Q: 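Have a look at the structure that comes next, please.
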Amino acid sequence: MRIGVLTSGGDAPGMNAAIRAVVRAGLSNGDQVFGIYDGYRGLIEGKIFEFTRKDVSEILNRGGTILGTARLPEFAYPQVRELAVKQLQKNDIDALICIGGDGTYTGALKLTEMGIKCIGVPGTIDNDIASSDFTIGFSTALNTACDAIDKLRDTSSSHQRCSIIEVMGRHCPDLALYSGLCCGAEYIITSKTGLDKEKLLADLKKNRLQGRKHAIVVISENLCDVYSLAKEVEEYSGYECRATILGYIQRGGTPTPEDRLLASRLGAYAVDLLHQNISGVACGIHENKLKYVSLKEALLMESDRDLSLEELVTKIQ
Ligand code: ATP
């Protein structure tokens, strides 16, 4: 089999481990594996190169993606995707493994509908792919966020401040929820809880009056302007308040062992699925077992994560 592999959308630590697993699992099956640079953009531009074992050596522990990634909104147009199909035909590629988030899955689904065998592998720090309990990159991003929040706690406790920390995860509460829980944040505000500003301000004021010296508020991105919120907290609650946006540092760094393992399992699994003549699917992990669902289903699925973490927040905050 001649298998192409690409990374697309936002980069995520562990993508390299997935690429490595695809290449090595493919080669041990007697396949030829082709790295496609810069996501769907590189695909239509024909940036397709055959990979050897050596091309993926010493990348297991590296963040980012050696293949590069790109956003190509025009991939939504059939005539642009036609260019991709032509490139795949020109290079005799039998199947494509697309590592990325839900946008990448949508691209893969549309290619599937055009007759290309595709497998989606969940690679995004947001953990927002419902067909997998965890996505490649989430563990590392969580680690990075926790490390930063712990450091901010040190200084906010010394200065008796309130710290508002914005983490990534526009549509998915997980990064804020997990990091908030792991760092003992007093408040965790996500796309799911929404921001009730009046309540937050009143609670912080009450805490301050009760003598609680500092407070950590972890909030998901895109819910408000955290700098303005910090000003309001300062004016209303009696806490001095600083806002910090963790931003893109959450995307980088050495992947955690969990991400390396997940990526290695999923990369090799994607190749196995192709050998079982299964395509048009998204692979993932559920209760620590590898599994797959159709790309269509994966895109429609809602997260069925149990709500015990939210309950835990209310119990121990
Ligand atoms: P992340 O969650 O990290 O942002 P993602 O895969 O969701 O990753 P997107 O930028 O949304 O990131 O999508 C990646 C690429 O997938 C897009 O740049 C585009 O090329 C392709 N894509 C997204 N939506 C569509 C669509 N509706 N039709 C075809 N291709 C799409």
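Heavy-atom basis, side chains included; hydrogens, waters and symmetry copies ignored. What you see is a predicted model, and the numbers here were worked out from it, not measured in a lab.
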Q: Ignoring hydrogens and geometry beyond distance, is a side-chain donor-acceptor pair present between Tyr248 and Asp11 at under 3.5 Å?
A: no
Q: Taking atom types as modelled, is there a side-chain donor on Thr256 or Ser139 under 3.5 Å from an acceptor on the other?
A: yes
Q: If you take all heavy atoms of Ala282 and Tyr105, which pair is closest and at what distance?
A: CB-CE2, 3.4 Å
Q: Please report the interatomic distance CD(Gln250) to CD1(Ile125), rounded to the nearest 0.5 Å.
A: 5.5 Å
Q: Pairing donors with acceptors under 3.5 angstrom, does anything connect the side chains of Gln160 and Glu240?
A: no
Q: Are a donor atom and an acceptor atom from the side chains of Asn143 and Thr140 found within less than 3.5 Å of each other?
A: no
Q: Side chains of His171 and Asp128: is there a donor and an acceptor less than 3.5 Å apart?
A: no
Q: Atom CG of Leu152 and atom CD1 of Ile164: how far apart are they, to the nearest 0.5 Å?
A: 12.0 Å
Q: Got a second to check how far Leu200's CG is from Cys162's SG, nearest 0.5 Å?
A: 7.5 Å
Q: Ignoring hydrogens and geometry, is there a side-chain-to-backbone donor-acceptor pair from Arg2 to Asp92 under 3.5 Å?
A: yes
Q: For Ala176, does its backbone N or O pair with a side-chain atom of Thr190 as donor and acceptor, under 3.5 Å?
A: no
Q: Using modelled atom types only, decide if a donor and an acceptor are shared between the side chain of Asp225 and the backbone of Tyr227 within a distance under 3.5 Å.
A: yes
Q: Does a salt bridge link Lys289 with Glu287, judged by any charged N lying under 4.0 Å from a carboxylate O?
A: no
Q: Is it the case that the side chain of Asp38 and the backbone of Arg41 share a donor-acceptor pair, with hydrogens and angles ignored and the cut-off at 3.5 Å?
A: no
Q: Locate the shortest heavy-atom distance separating Ile136 from Ala263; write the atom from each residue and the value.
A: CD1-CA, 3.7 Å
Q: So, Arg260 and Glu258, do they make that salt bridge, N to O below 4.0 Å?
A: no
Q: Using a 3.5 Å distance criterion without hydrogens, assess whether the side chain of Glu221 forms a donor-acceptor pair with backbone atoms of Arg170.
A: yes
Q: Cationic tip of Lys205 within the cone over Tyr236's six-membered ring, i.e. under 6.0 Å and within 45° of the normal?
A: yes
Q: With ring centroids as reference points, do Phe49 and Tyr37 lie under 6.0 angstrom apart?
A: yes
Q: Show the nearest heavy-atom pair for residues Leu309 and Leu177, with the distance to one decimal.
A: CB-CD2, 3.9 Å
